[in-house]
Amino acid sequence: MSTSSPYDLIIFDCDGVLVDSEALACVVHAEVLTEYGYTITAAQVHERFLGRSAREARLEVESELGRVLPDTYTVQLRATIDRVFGEKLTPVPHIAETLGRLSQRTCVASSGTPTRIRSSLGTTELIDYFAPNLFSAMQVERGKPAPDLFLFAAAQMNTPPARCLVIEDSVPGVTGARAAGMAVIGFTGGSHCRPGDADRLRAAGATIVIDDMRDLPALTAQTLNRDEITVI
Ligand SMILES: [Mg+2]
């Protein structure tokens, strides 16, 4: 009996998909930016920078400020996120049992630094599902929404893009995965998600959007052809 899936590799975003980090990160990011003279709320950070790297957020802010932020900015941002994540970071609900049920190979493709990816997945005890297949935007020239990171991850895993399925919670992430020629499932089960997020992910190219990871294993067994999905 064949139970072959149309996908050989499932590529997971980290923040907002594996770990419920985005709400915490947006609060810290807003506090530190404000302290350094760029007044911004957590909601505005969410709106502008969700799914993108801290490096790209910093460059955008510096361009608006017309000055370079001091090195202490990045040091303080990292240290505060380390402390807050160490105290409060949790895995996304039901993710561990879901990972245990998947038959395909898996990897991580994140806008975070390699150190951040390892510490977040270590804190939440998810790292053994993925290591050493942890890929960071720092390893490619252009971060999400460019396709570079997804194509890099697929190449490292020796898998053609057409056999990859991406799980993403952000518009830049969905956009990048689609640009890489991959099918995408949107995820809106993170505590940062708001009404309308599912529509935004669909508009960016997600074939289907789920808010419960327990729905994932059954979906990975079917071809996610955008034109044939009639449910949800
Ligand atoms: Mg994300």
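For this chain, numbers begin at 1 and follow the sequence in order. All values below were derived from every heavy atom in this structure, side-chain atoms included, with hydrogens, water molecules and symmetry-related copies excluded. Whatever order the structure lists ligands and atoms in, that order sets their numbers, starting from 1. All figures in this text were calculated on a predicted structure; none of them were measured in a lab.
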Nearest heavy atoms of Pro217 and Thr98, plus distance in Å: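 What the structure gives for the nearest pair is CD-CG2, 3.9 Å.
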For the Mg ion (ligand 1), which N, O or S atom of Asp13 is at the shortest distance?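 Going through the N, O and S atoms of Asp13 one by one, OD2 ends up nearest to the Mg ion (ligand 1).
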Specify which N/O/S atom of Asp169 comes nearest to the Mg ion (ligand 1), by atom name.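 Sorting the N, O and S atoms of Asp169 by distance to the Mg ion (ligand 1) puts OD1 first.
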Closer than 2.8 Å to the Mg ion (ligand 1), do we get an N, O or S atom from Asp15, backbone or side chain?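 Under 2.8 Å: Asp15 contacts the Mg ion (ligand 1) through an N, O or S atom.
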Can you label the angle between the Phe130 ring and the Phe12 ring as parallel, tilted or perpendicular, going by 30° and 60°?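 Judged by the thresholds at 30° and 60°, the geometry between Phe130 and Phe12 is perpendicular.
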Lys144 and Asp13 ion-paired at < 4.0 Å: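 Answer for the salt bridge query: yes.
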Tell me whether Leu59 shares a hydrophobic cluster with Leu33, the cluster being built from Ile, Leu, Val, Met, Phe, Trp, Tyr side chains joined at under 4.5 Å.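 No, separate clusters.
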